[in-house]
Amino acid sequence: MTDQDTQFMRRAIELARAGMDSGVGGPFGCVIAKDGKIIGEGSNQVTSTNDPTAHAEVVAIREACKTLNTFQLDGCSIYTSCEPCPMCLGAIYWARPAQVFFACTREDAAAVGFDDDLIYNELALPNEDRQRVMISLLRDEGVALFDAWAAKPDKIEY
């Protein structure tokens with residue numbers, strides 16, 4: 001880790017505090033950097049926007065992708081005030097940054113009421129055993145759509 005990594009993490013923590021103190025959302029912040037420059041940042045905005053996906057990491061990923069005009073964050077580093085939840089972790093994997101730094105652990109978050117263990121545990125269960133009902137419907141039609149995608153010569157791979 002470098003002094004710059006520490007600086008970017010401090011900025012993520014600063015964003016988390018500012019969002020929390022202003023009532024925008026929970027105590028989470030995120031910075032995305034590339035080539036030593038911040039290209040995206042975000043704080044949790046779930047409660048202020050009534051958007052359960054407006055976690056700091058998702059907000060920052062959206063901003064960084066807009067800045068770079070791409071849907072992938074190749075060569076970028078993510079600095080987040082807390083270990084990403086399962087949703088954010090999924091978004092991070094789809095965005096494909098080079099690395100992720102986090103301050104607090106998911107256990108630290110659980111200790112103050114942000115417990116993601118339910119979701120982590122649900123992911124390992126078969127659909128029929130999950131707390132949220134998961135039912136496959138019109139699978140043949142869905143598969144036909146995937147077949148059309150696979151045959152599409154001008155698709156953009158991701």
Side-chain angles (χ1 to χ4, degrees), residues 9 12-13 15-32 39-74 76-158:
M9 182 60 77
I13 293 168
L15 288 165
R17 181 173 296 283
M20 177 184 73
D21 289 348
S22 69
V24 172
F28 303 96
C30 182
V31 165
I32 301 177
I39 59 164
E41 29 180 58
S43 63
N44 180 285
Q45 300 173 15
V46 169
T47 57
S48 63
T49 62
N50 295 319
D51 180 354
T53 69
H55 289 203
E57 296 91 338
V58 172
V59 172
I61 287 169
R62 289 174 179 160
E63 184 176 296
C65 287
K66 190 173 186 179
T67 298
L68 295 177
N69 195 31
T70 183
F71 54 87
Q72 294 190 342
L73 299 176
D74 298 325
C76 294
S77 297
I78 295 181
Y79 303 84
T80 183
S81 62
C82 187
E83 184 177 351
C85 75
M87 177 186 71
C88 293
L89 189 59
I92 288 166
Y93 270 86
W94 283 118
R96 295 179 176 89
Q99 56 193 350
V100 178
F101 296 89
F102 59 91
C104 297
T105 66
R106 64 195 235 199
E107 291 81 15
D108 297 330
V112 295
F114 296 99
D115 192 353
D116 298 325
D117 277 345
L118 168 69
I119 300 169
Y120 280 108
N121 293 334
E122 288 278 298
L123 290 173
L125 296 175
N127 287 338
E128 62 273 8
D129 292 338
R130 294 182 179 169
Q131 288 187 17
R132 300 290 174 260
V133 177
M134 306 283 289
I135 303 166
S136 179
L137 180 64
L138 299 178
R139 182 169 180 260
D140 291 342
E141 292 179 30
V143 170
L145 179 64
F146 279 172
D147 290 342
W149 170 259
K152 185 174 170 51
D154 61 342
K155 67 181 170 264
I156 297 173
E157 299 281 351
Y158 60 98

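These numbers come from the heavy atoms of this one structure, side chains and all, not from hydrogens, waters or symmetry mates.
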Do [X] and [Y] come within less than 4.5 Å of each other through their side chains, counting heavy atoms only?
X	Y	result
Trp149	Lys155	yes
Leu123	Pro86	yes
Pro27	Phe114	yes
Thr53	Arg62	yes
Trp94	Ile61	no
Met9	Ile13	yes
Asn44	Met20	no
Ile78	Cys30	yes

Using every non-hydrogen atom in the two residues, find where [X] and [Y] come nearest and quote the distance to one decimal.
X	Y	result
Pro84	Leu89	CB-N, 3.9 Å
Cys88	Glu57	SG-OE1, 3.3 Å
Leu15	Glu41	CD1-CB, 3.4 Å
Val24	Ser43	CG1-OG, 4.4 Å
Asp154	Lys152	OD1-NZ, 2.8 Å
Ala56	Phe28	CB-O, 3.5 Å

As an exercise, state the distance from CG of Leu73 to CD1 of Ile32, rounded to the nearest 0.5 Å.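 The CG atom of Leu73 sits 5.0 Å away from the CD1 atom of Ile32.
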Distance col, row Gln45:CD vs Asn50:CG, nearest 0.5 angstrom, shows 12.0 Å
Is a donor on one side and an acceptor on the other found under 3.5 Å between the side chain of [X] and the backbone of [Y]?
X	Y	answer
Glu122	Gln131	yes
Arg106	Asp117	no
Ser81	Gly29	yes

Kindly check if the number of other-residue, nucleotide or ligand heavy atoms within 6.0 Å of OH (Tyr93) is above 12? no
Please say whether more than 12 non-hydrogen atoms of neighbouring residues, nucleotides or ligands are located less than 6.0 Å from CZ in Arg96. yes
Please test Asn127 against Ser136 for side-chain contact (heavy atoms from CB on, under 4.5 Å), starting from the C-alpha separation and ending with a verdict. CA-CA 9 Å; Asn127 287 338; Ser136 179; over 6 Å; no
Between Glu107 and Thr105, is there a side-chain donor-acceptor contact under 3.5 Å, judged purely by atom types and distance?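 Judged by distance alone, the side chains do pair up.
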Parallel, tilted or perpendicular: ring planes of Phe71 versus Tyr158, cut at 30 and 60 degrees: perpendicular
